[in-house]
Amino acid sequence: MSVPGCRPMAEALLSIRNLSCVFDVSKPWLNRVIERDERRFLTAVASVTFDIRRGETFALVGESGSGKSTIAKMIVGLQPPSGGEIIFDGTPMRGQGGDMRRLRRRFQMIFQDPFASLNPRWRVGDIIAEPIRTFGLLRGSAVEREVERLLDVVGLSGRDREKFPHEFSGGQRQRIAIARALSSRPEFIVCDEPTSALDVSVQAQILNLMRDLQDEFGLTYLFISHDLSVVRHMANRIGVLYLGRLVEVAEGKTLFRDPSHPYTRMLLDAVPDLEMAGRRRRRVEGEIPNPIDPPSGCHFHPRCPLVEPRCRNEAPPEFPRGDGMAACFAVDRAATKEAAPT
Amino acid sequence: MAETLLSVRNLVVEFPTRRGTLRAIDDVSFDIRRGEVLGVVGESGAGKSITGAAIIGLIEPPGRITGGEIHLAGARIDNLSPERMRRIRGKRIGMVFQDPLTSLNPLYTIADQLIETIRTHIDLSEKAARARAIGLLDQVGIPAAARRIDDYPHHFSGGMRQRVVIALALAAEPDLVIADEPTTALDVSVQAQIIDVLKDICADRGAAVMLITHDMGVIAETADRVAVLYAGRLAEIGPVGDVIKAAEHPYTVGLMGSIPTITHEAPRLTQIPGSMPRLTSIPPGCAFNPRCEKVFARCRAERPVPLRRPGNREVACWLFAEEGADERPGVQAHG
Ligand SMILES: Nc1ncnc2c1ncn2[C@@H]1O[C@H](COP(=O)(O)OP(=O)(O)OP(=O)(O)O)[C@@H](O)[C@H]1O
Ligand SMILES: Nc1ncnc2c1ncn2[C@@H]1O[C@H](COP(=O)(O)OP(=O)(O)O)[C@@H](O)[C@H]1O
Ligand code: SF4
Ligand code: SF4
Ligand SMILES: [Mg+2]
Ligand SMILES: [Mg+2]
């Protein structure tokens, strides 16, 4: 099923527990000594926790630098976490052993830039076959037949096997990347801005294809995007990131109809949308602060219309909201009032 | 109706290459009125930026305008000497590009750059120009402009730099601002602020804006009218609400259906098969014909001319020709 909406509580295929990533962005030692500068750290991802259920599309949204790609890279093993756990189908992911290799076959990644993610010197057939060969899934002519089948699945032709990536348009290259991602028969695919580099009409083709494939193969997606309308179209549940922290998790429908966190509300107000012709939006306040030196307490407090004194000192914990959560004192207070009117 | 400020008539832009001549803009005509925002949309390579570059005389040689005329406030500007064109740029036409860093010099303060631009075009003392520069920064929404004006570009965030670029474009009170993807490199929340600034320019100063972008959401919120380009040709032009909600050209219809929106869920996005042809392989007749589900014989033989439609619209599609309607009875405007 691919229509976003309610579904019974399903088991978690992927669990992220207090996942963190801190980068050392200090200047070289000599500069630090001369300029009397201290070591500097950038917390790209700060203790993020969420579950992705089998068969759903979980989306992460946030503006640039909010930590989306860093989370994606940690999940697929391209970036070691500084802390926390990634649990795939009940097994914590650690190290590089044989078990990990077998586990990794079950998930794949699609990147934003279909130009950079395909090896320009390889033929399309070899690009798609690589995971099949790496994991030893098939041999001999069966590999070729499988490649042709995959090209067909993503709407290309079996003859395209012989060509090189530069002979294809951006949308076609993203189809090749999807065919490659499917070739190890994964259950779970991390998609980091898979259509951000594409024109809208091509984006529609790719989004439709991704939903069809999800139906056909029962795939689970982590779908990362800064584009809220694309996320609305694709996701069952959505997590909103702000400066490395998860500020809200909600079902797609709920998030767009009744956003809880003040930042989510601001984002939704800001999105330019087709239906907006002639309407005037509320003005958006301020800009994203520097992630090296984020505001104290709640990172959003300098821009927040609901800010209260403790927001400047304390980071708000996650308060449960419906099926998800919101990390905001004001949301918690409103909920408490609703529950016990005096 | 306000008077016409910019008039582009039958514009043709060509690039000679080793393999023959590429026609990037092919017979494109449109007007922009004073105080109006004209959105120009289209997919990558449709010719949006080249159209803008042609108007300000910045087509990269060996590319050049090989046909048509461009008039600004009634005077022809496409055949001016480079020297005279340079004076029009900045003074009468301001420019804002996608990447604010390329428009700002990292070695000079914001004040240096603004004051120089102002004094190139307007006869003002250093002190008066500085006061004017602060006023401009204030107008584009830079907080504490008087203090921040002596900062360097790298002290500013991406959104603030783009505001400075807009201030630069406005320095000489131009009649027309050409903004090519001014918000594409920015985050949504910042994008919304820049859109507001652009809208205010029109409202407060009566300047016209040509807003080039591939983002229909931005167009929907900002533009009064919208021109849709496809493969270097004008497919459709009209008031923004009509083109978005009731597109007539089959390409525009497909394009609008392919865009997800945050206000409601579509089970499936409209899909236009294939992709826009390269300039080297534009099919004869209508450039859209291999992808068009309404294609008929005439589309493959004859190139459609822009046809006037009710409500101040033009559509380049044979479905709307009188004879075409006779050949294909029952075809409705919004089919
Ligand atoms: N210097 C050049 N030499 C040859 N062809 C060119 C040159 N500059 C642009 N073109 C071609 O002209 C066409 C229109 O280009 P243009 O830059 O106007 O597209 P655009 O609509 O602005 O696209 P985008 O959305 O990618 O910015 C494209 O096919 C492009 O390849
Ligand atoms: N290798 C790195 N070294 C230092 N900082 C990094 C590195 N990778 C990412 N960052 C920083 O971490 C933050 C989150 O980055 P990223 O996950 O790429 O954000 P997003 O994908 O949401 O735009 C940003 O501030 C970014 O500059
Ligand atoms: S915790 Fe305070 S500052 Fe942060 S979003 Fe909630 S109300 Fe605003
Ligand atoms: S002229 Fe013909 S091919 Fe072109 S858009 Fe109209 S119906 Fe389609
Ligand atoms: Mg990213
Ligand atoms: Mg362009």
Side-chain angles (χ1 to χ4, degrees), chain A residues 2-5 61-66 155 169-172 195 197-209 211-212 226-234 252-253 256 263 266-290 303, chain B residues 41-46 141 143 157-160 183 185-193 195-196 199 213-224 239-245 251 254-276 278 291:
Chain A
S2 74
V3 180
V61 289
E63 300 181 80
S64 73
S66 57
S169 69
Q172 288 170 327
T195 61
L198 306 176
D199 277 313
V200 278
S201 74
V202 183
Q203 164 171 285
Q205 296 169 358
I206 298 297
L207 295 180
N208 284 343
L209 173 67
R211 278 185 38 173
D212 292 345
H226 68 278
D227 185 331
L228 282 152
S229 30
V230 169
V231 161
R232 154 133 234 207
H233 183 70
M234 294 299 285
K253 275 206 181 92
F256 283 93
Y263 174 64
M266 192 201 78
L267 262 189
L268 288 178
D269 274 342
V271 193
D273 195 75
L274 268 199
E275 310 280 327
M276 283 288 188
R279 246 195 293 164
R280 221 176 156 88
R281 270 177 291 99
R282 223 176 313 159
R283 295 229 168 202
V284 171
E285 298 297 325
E287 292 187 21
I288 303 187
N290 185 347
R303 306 171 75 184
Chain B
V41 294
E43 299 183 54
S44 185
S157 69
M160 282 167 66
T183 62
L186 306 173
D187 275 312
V188 258
S189 65
V190 182
Q191 186 180 37
Q193 296 166 347
I195 290 175
D196 285 340
K199 282 208 277 205
T213 173
H214 65 279
D215 187 332
M216 279 309 300
V218 170
I219 292 283
E221 282 202 31
T222 321
D224 300 303
V240 69
D242 297 343
V243 173
I244 286 177
K245 296 217 169 73
Y251 170 65
L255 190 66
M256 296 305 157
S258 71
I259 303 169
T261 126
I262 61 162
T263 46
H264 57 258
E265 265 162 39
R268 210 177 159 74
L269 301 169
T270 309
Q271 220 168 289
I272 311 174
S275 53
M276 197 174 70
R278 290 174 192 227
R291 306 173 71 191

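Throughout, protein chains are lettered first and strands after them, A, B, ... in sequence-line order, and every chain is numbered starting at 1.
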Interface moiety of B:T222 toward chain A, non-hydrogen atoms closer than 4.5 Å
neither
Rounded to the nearest 0.5 Å, how far apart are CG of B:L269 and CE of A:M234?
9.0 Å
Interchain contact, B:M276 with chain A, by part (heavy-atom threshold 4.5 Å):
neither
When rounded to the nearest 0.5 Å, the distance separating OG1 of B:T261 from CZ of A:R232 is 7.5 Å
If you measure from CZ on B:R268 to CG on A:D212, what distance do you get to the nearest 0.5 Å?
4.0 Å
As an exercise, state the distance from OG of B:S258 to CD of A:Q205, rounded to the nearest 0.5 Å.
9.0 Å
Run the side-chain contact (heavy atoms from CB on, under 4.5 Å) check on A:E63 and B:V188 step by step: do they pass?
CA-CA 7 Å; A:E63 300 181 80; B:V188 258; 4.1 Å; yes
Would you mind checking which part of A:I288 comes under 4.5 Å of any heavy atom in chain B, side chain (CB onward), backbone (N, CA, C, O), both or neither?
side chain
Do you know which of A:G252, A:S169, A:S229, A:G170 has the most heavy-atom pairs with chain B at a distance under 4.5 angstrom?
A:S229
For A:S201, enumerate each residue passing the side-chain hydrogen bond (donor to acceptor under 3.5 Å, both in side chains) test, keeping only those at least two apart in sequence or located in another chain.
B:E43
Toward chain A, the part of B:P143 with a non-hydrogen atom under 4.5 Å
neither
Could you please spell out the steps behind the side-chain contact (heavy atoms from CB on, under 4.5 Å) verdict for B:E221 and A:V271?
CA-CA 10 Å; B:E221 282 202 31; A:V271 193; over 6 Å; no
Side-chain (A:N208) to main-chain (B:Q271) donor-acceptor, under 3.5 angstrom
no
Any donor-acceptor N/O pair, A:D199 side chain to B:S44 backbone, under 3.5 Å
yes
With a 4.5 angstrom heavy-atom cut-off, could you sort out which part of A:L228 is near chain B: side chain, backbone, both or neither?
both
The interface call for A:Q172 against chain B, heavy-atom contacts under 4.5 Å, is neither
